[in-house]
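Keep in mind the model is a prediction, meaning the values are calculated, not measured. Residue numbers start at 1 and run along the sequence shown.
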Amino acid sequence: MTETETFRREMPPPLQPRPLNLPDHFETTLANGLGLVVVEDKRLPLTSFRLAFRSGDANDPPELPGLSDMMTHLLTEGTATRSSRQIAEEVERLGATLTVGSGSDFTTVAASSLSLYADEVLELLAEVTLSPSFPQNEIDLARENTKQLLIQQRAQPNFLASERLAQVMFGEHPYARVSPTPESLDALTREDFLRFRTSTFIPNNAVMIVAGDVERDSIVARVEQLLGKWKPGTVPDLNFPPLPKRVARIAYLVDRPGSAQSNIVIANQGITRTSPDYFPMLLMHTVLGANASSRLFMNLREHKGYTYGAYSNLDARRQAGTFRATAEVRTPVTGASLHEFFTELERIRNEVVSDEEIRNAKSYLSGVFPIRIETQDGLVDQLVSIRMYDLPDDYLLTYRERINAVSTAEIQRVAQNHVTPDRAAVVIVGDAAEVSDQVKPYSEVIELYDTDGNRKDRKQ
């Protein structure tokens, strides 16, 4: 019994990392500038396609926020030869998937199916990309649905916090826009969608990634046949306004009367995705708040019981980023939660991370990484990120090596540079009457907003 109990108390040593054994890939560029990456992986009779454009929501005209997002939604709602219903029925007949999505930095048209139907699915992907018709009835329906979604968003504390934070952190930069407005939706016309698709969906600013049970030569020929005549264009200008310079801690309180919880977000300006500080920041984030064994969670959830979960977030994009600490806490402990947040933020800056913490963080990141790329879609998504963010070609092969090379000194260095509580934006969505006095000890300035995003008179 004693030996058994001793065995249960001792953690077994970690296994040696297994080699990734990534499938070989072939890369080329078509005459029109379209990049093409082919990964032959015949373990399963499946094929995945991603057509990714280096253009996203940040490319929306300032007067038409939401244009990119709605345009991508409408791509599958009708083409020159098929209606929305016909597209949906064809996808269903093939047992395939066909989706389009846009983020801040890039847009993807994605499809997958059994390899038996790969040729037909690729043709459908090319059709919705090159010849969407943007039927007026589908535009009107999408417009009204989006307006209803905006009403629902205004009732969601997470959205209100994200909206206020984006405007505070990014200022005049396009990243500050997180949703359209009813006015911008009403202003959108079919001509706007046609013009925007033509200017942003250009082959010389895109890459097609194909992975699965395919033959390289035949898939290259098929892509050339379907997309080779696509005319190149002018790559959109990414000369965006600079971010606002933060010089003091300010609290931004979004008043939600009667709220039983306070949604807290404490943010600093962060790094870009290609920053040399990315891997030290990733380790620091893992120690501080990436998961349920990190410091923030253990403090605010396990030790204090203020919340169901407290986390940090490393948001690194092409042009800029933020580093955030977040939690949804009970209204009466809003101030106490802020105290614990700032205690942990100062601690990660001023105390060297322990050997056990950095060892566990490295083990976690190195362990989950192969899981993320073991599926076909997971691997393709990683390849998309590499191409869209201009990461090194050997990024996947050197990922674990670069994780394990980070030192405790580097973690403290990036924490001191990028976690600056004295210049943080503190966004709180909650009942202002109940939490204002709790917030005052942590910020000399409190700006008050309503749930429509309008500034209200503030009382100090």
Side-chain angles (χ1 to χ4, degrees), residues 51 53 55-92 96-111 124-125 127-167 170 174-201 254-256 259 263 429 449-454:
L51 179 55
F53 299 88
S55 174
D57 297 340
N59 294 85
D60 286 351
E63 70 280 7
L64 293 176
L67 175 58
S68 179
D69 190 59
M70 187 175 289
M71 182 200 71
T72 56
H73 167 76
L74 289 167
L75 288 181
T76 57
E77 299 302 325
T79 68
T81 60
R82 302 186 213 229
S83 67
S84 173
R85 180 171 181 173
Q86 287 172 325
I87 293 172
E89 289 176 345
E90 180 69 0
V91 171
E92 184 177 4
T97 63
L98 176 64
T99 59
V100 189
S102 66
S104 296
D105 294 323
F106 59 92
T107 300
T108 55
V109 185
L124 192 57
L125 181 149
E127 182 177 334
V128 301
T129 302
L130 299 181
S131 58
S133 58
F134 301 112
Q136 188 61 51
N137 65 314
E138 296 293 348
I139 293 174
D140 294 339
L141 177 61
R143 191 194 331 265
E144 293 307 311
N145 287 342
T146 305
K147 285 183 179 180
Q148 292 303 311
L149 178 61
L150 294 181
I151 295 173
Q152 295 174 24
Q153 286 178 333
R154 291 280 157 213
Q156 300 299 319
N158 285 337
F159 170 79
L160 298 175
S162 297
E163 178 186 54
R164 178 53 39 204
L165 182 73
Q167 294 178 5
F170 298 123
Y175 288 169
R177 303 191 295 262
V178 299
S179 72
T181 64
E183 293 75 20
S184 69
L185 291 172
D186 286 336
L188 290 173
T189 66
R190 181 171 181 271
E191 287 69 31
D192 290 327
F193 295 118
L194 290 167
R195 183 168 52 249
F196 191 67
R197 190 209 67 83
T198 301
S199 65
T200 57
F201 274 29
V254 180
D255 186 17
R256 194 166 177 266
S259 180
N263 284 50
V429 180
Y449 295 83
D450 62 24
T451 55
D452 290 323
N454 301 313

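Separation of atoms OG1 (T451) and CZ (R164) is listed at 11.5 Å; rounding is to 0.5 Å. Distance check: M70 CE to T146 OG1 gives 3.5 Å after rounding to the nearest 0.5 Å. In this structure, E144 CD and Q148 CD are separated by 7.5 Å, a value rounded to the nearest 0.5 Å.
Heavy-atom minimum distance, S102 versus T107: CB-OG1, 3.5 Å. Scanning all heavy atoms of the two residues, the minimum distance from S84 to E77 falls at OG-OE1, 2.5 Å. Listed here is the closest heavy atom pair of T79 and I87: CG2-CD1, 3.9 Å. Contact between P65 and P180 at its shortest, heavy atoms only, is O-CB, 3.3 Å. Considering all non-hydrogen atoms of both residues, R82 and E127 come closest at NE-OE1, 3.1 Å. Contact detail for T72 and D69: the closest heavy-atom pair is OG1-O, 2.7 Å.
Between the side chain of D450 and the main chain of D452, a donor-acceptor pair closer than 3.5 Å is present. In this structure, the side chain of R190 engages the main chain of F134 through a donor-acceptor pair within 3.5 Å.
When T181, L188, L185 are each tested for a side chain to side chain contact (heavy atoms under 4.5 Å, CB included) with L64, only one passes: L188. With V91 as reference, L98 is the one residue of T76, T99, L98 to meet the side chain to side chain contact (heavy atoms under 4.5 Å, CB included) rule. When the options R154, Q153, Q156, R177 are evaluated for a side-chain hydrogen bond (donor to acceptor under 3.5 Å, both in side chains) with E163, the one that passes is R154.
The shortest side-chain heavy-atom distance between V109 and V100 falls under the 4.5 Å cut-off. The shortest distance between side-chain heavy atoms of L150 and P182 falls below 4.5 Å. Here the side chains of L75 and T129 are not in contact, with every heavy-atom distance at 4.5 Å or above. Contact of the P132 side chain with the F193 side chain is not registered, since no non-hydrogen atoms from C-beta on lie closer than 4.5 Å. Put simply, the side chain of D186 reaches to within 4.5 Å of the side chain of K147, judged on heavy atoms. For the pair P61/L67, a side-chain contact is recorded, criterion being any heavy-atom separation below 4.5 Å from C-beta on.
Counting only residues at least two apart or on different chains, the side-chain hydrogen bond (donor to acceptor under 3.5 Å, both in side chains) pairs with a member in residues 133-142 are Q136-D140, D140-R143.
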Please test R256 against N263 for side chain to side chain contact (heavy atoms under 4.5 Å, CB included), starting from the C-alpha separation and ending with a verdict.
-> CA-CA 10 Å; R256 194 166 177 266; N263 284 50; over 6 Å; no

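Applying the ring-ring contact (aromatic ring centres under 6.0 Å, His included) criterion to F201, with sequence neighbours excluded, gives F53. Y175 pairs by the ring-ring contact (aromatic ring centres under 6.0 Å, His included) definition with F170, H173, not counting sequence neighbours.
Heavy atoms from other residues, nucleotides or ligands lying under 6.0 Å from CD of E191 number more than 12.
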